[in-house]
Amino acid sequence: MRTIIDRLVTTTLERLRRDGLFPADTPLHFNVERPRDKTHGDFATNAAMVLAKAARIPPRLLAEKIVAALPADQADVEKCEVAGPGFINFFLSPASLRTIITEIQQLGNRFGHSQIGTGQRVQVEFVSANPTGPMHLGHGRGAVTGDVIARLLQATGFQVEREYYINDAGNQTLQLGRSVLVRYHSLFGEDIPLPDGCYPGEYVREIARALQKQDGDRWLSTPWTDTPPEAVVTFAIDQCLGWIRDDLALLNITFDTWFSERSLHQQGGIRHAIAKLEEQDLVYEGVLEAPKGKQPEEWEARPQRLFRSSSFGDEVDRPLQKSDGSYTYFAADIAYHLHKAERGFDALVNIWGADHGGYIKRVQAALMALTGKKGLLDVRLVQMVNLFRGGQPVRMSKRSGTFVTLREVVEEAGSDAVRFWFLLRSAGASLDFDLELAMAKTNDNPIFYVQYAHARVHSVWRRLQEKGLAVEAGEASNPQLARLTEPAEYDLMRLMSRFPEVVEQAALEKEPHKVPYYLLELAAAFHTYYNGHKILDEDADLRTARLALIRAAALVIANGLTLLGVHAPEQM
RNA sequence: GCGUCCGUAGCUCAAUAGGAUAGAGCAACGGCCUUCUAAGCCGUAGGCUACAGGUUCGAUUCCUGUCGGGCGCGCCA
């Protein structure tokens, strides 16, 4: 629909340009947008305001000229008028508005999908929680956000690959192995206080018990003070990954690729990446200065191997190797992202926790240096989640053991509620999740509001069948649809026709929260309509038309919820 | 100190790539069920968009600065 207006304006402007209203080299850039206020029509363009300077006449006057030059025989446009500082507002004809119902009928669950991303491969990397323990709420939010961004990109035609990066090579995995070994020894009667840096959670004992079950006393001869054996470390990681997989499955989230950092080391990926940087003379031995604000006493200058990230937009150069010669996490990250780039993706999307925000510039710098492409990697930060119950904050602390896991919350509130709530804020804003509210069956719980709208439509449908009228309620004909003339009916049609635009925008901007907000709007419009109008009217044609309208609405709601990974129940 | 995200109604948050008179929900107040699910609807009230400048036809949105908050800041991941 939007493209119709767009083309209309473009052709008109081109003609005016040929007629000499503006110089022949004037670029015809303008917007066609949905006005916020519906008294401003269905679409508006700012063309006259943008081009007024080139035409050397006031915006409103230019707008008049454009309107006068529009072709008169437009079936879709009922009227257009000049308003405000020079907007041209287009009002669609009723017949044009009604076509959305037929379109939705025909497209079914494909309505809202588009092809704008066709031919482009995008990788979305998300969650990537360290496999050293259970997932918490923040991981869950990142998981849902990444999952829905992936779904949105798929719906808009992108070829999407979902990837989980497993940090199975770092120091913290050794700590996990050591923690398990300590607990394992405890199982055989040794009383060992938990050493510094070890993981205190009960789950560590669980891993130890599983290890005992599998290997018996095989590791008893290994002192817990030693570097933990690789088999123990791997065992522990696999246990944790199993839990993570289970937790994600509860949220209906799966991945195409589980990428192991360890495999990157084994394949020499890090040496490969550093060598590529060295080829460009971007690596050097140097000493970093103490950051401003840091006390000099706390700072000991050390020579390190550094990457010239400051040449690519980072504040300072960053270390690739520790003083003991081993690689930093950053070095592995460079290698990983180079590996991604070498796999030929057209775009990379990372979902990170907000505490990793400081790493965006350096990774982008490395990618720019290695690929020469500037905007290859887009990192979306997800802010933290605060857990509440009935308005009271749930205190969480790893040490005190009052740590609430993602699993506990999903099991209590359900996947639908958790997903919807996580998506109800823009990712950049921190989020309060109230267990009581998320499960409440009241109208202050948005998910019930939306699902209820969907269920209501199906309720009407069931009622229809009880009355034995189902047969006549197939697809509505155009003359029947023409019976839809109520303002509330046009409101619904307008809203529904916006759905593909919402999906497209949410996908391109990677802002999933726009979808639930849209669905709330659509549900509200439906509830208003439902309350004020009888669907199962005595008049068969009107009844058929209204049924077609609300079934279309239900379909759009269902499509939207599907994009969010949330169920659309037919009965509540 | 530097970087980064944020600051919008009493509360929680939106605001379509810079658009017109900044919108919802909750809380408050007043209405609507002999009718398809009242888990709903309608109405009233609530604002110097933290503050000060700048860019332009036009700023909640972009730039600079100030204030206030979250996160981060050489070998942890």
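Below, read A as the first sequence line, B as the second, and so on, with proteins coming before strands; counting in each chain starts at 1. Here the structure is a predicted model, which means the values were calculated and not measured.
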Between B:A20, B:A15, B:A39, spot the one nearest the side chain of A:Phe87, thanks.
B:A20

Rounded off to whole Å, could you give me the NZ-to-C1' distance for the A:Lys361 and B:C2 pair?
10 Å

Determine the interplanar angle of the A:Phe259 and A:His339 rings, folded into 0 to 90°, and report it as parallel if under 30°, tilted if 30 to 60°, perpendicular if over 60°.
tilted

Whichever of A:His356 and A:Ala83 has its nearest RNA chain B nucleotide further upstream toward 5':
A:Ala83

Would you indicate what A:Thr528 reaches in the nucleic acid, counting non-hydrogen atoms under 4.0 angstrom: base, sugar-phosphate, or nothing?
sugar-phosphate

Go nucleotide by nucleotide along RNA chain B from the 5' end; which of A:Pro85 and A:Ala169 gets its closest nucleotide reached first?
A:Pro85

Considering Watson-Crick and G-U wobble pairs with both distances under 3.5 Å, what does B:U4 pair with?
B:G70

Does B:G23 have OP1 or OP2 sitting under 4.0 Å from an N or O in the side chain of A:Tyr518?
no

Do A:Glu486 and A:Arg483 sit within salt-bridge range, that is, some charged N less than 4.0 Å from a carboxylate O?
no

Nearest whole angstrom, please: distance from the P of B:C57 to the NZ of A:Lys53.
4 Å

Taking salt bridge (charged side-chain N to carboxylate O under 4.0 Å, His left out) as the definition, give me every residue that meets it alongside A:Arg2, ordered by chain and number, with sequence neighbours left out.
A:Glu501

Separation of B:G72 atom P from A:Phe330 atom CZ, nearest Å, is 19 Å

Which nucleotide wins on minimum distance to the side chain of A:Lys514, given the candidates B:A15, B:C36, B:C73?
B:A15

Consider the side chain of A:Tyr359, meaning its heavy atoms from C-beta on, and name the nucleotide among B:C76, B:C36, B:U60 that approaches it most closely.
B:C76

Taking the six-membered ring for Trp, are A:His139 and A:His136 parallel (under 30°), tilted (30 to 60°) or perpendicular (over 60°)?
parallel

Is it the case that B:A20 (base atoms only) and A:Asn46 (side chain only) share a donor and an acceptor within less than 3.5 Å, ignoring hydrogens and angles?
no

Can you tell me if the side-chain N/O atoms of A:Arg425 get under 4.0 Å from OP1 or OP2 in B:A14?
no

Of all the nucleotides listed (B:C75, B:G19, B:C13), which has the minimum atom distance to the side chain of A:Asp432?
B:C13

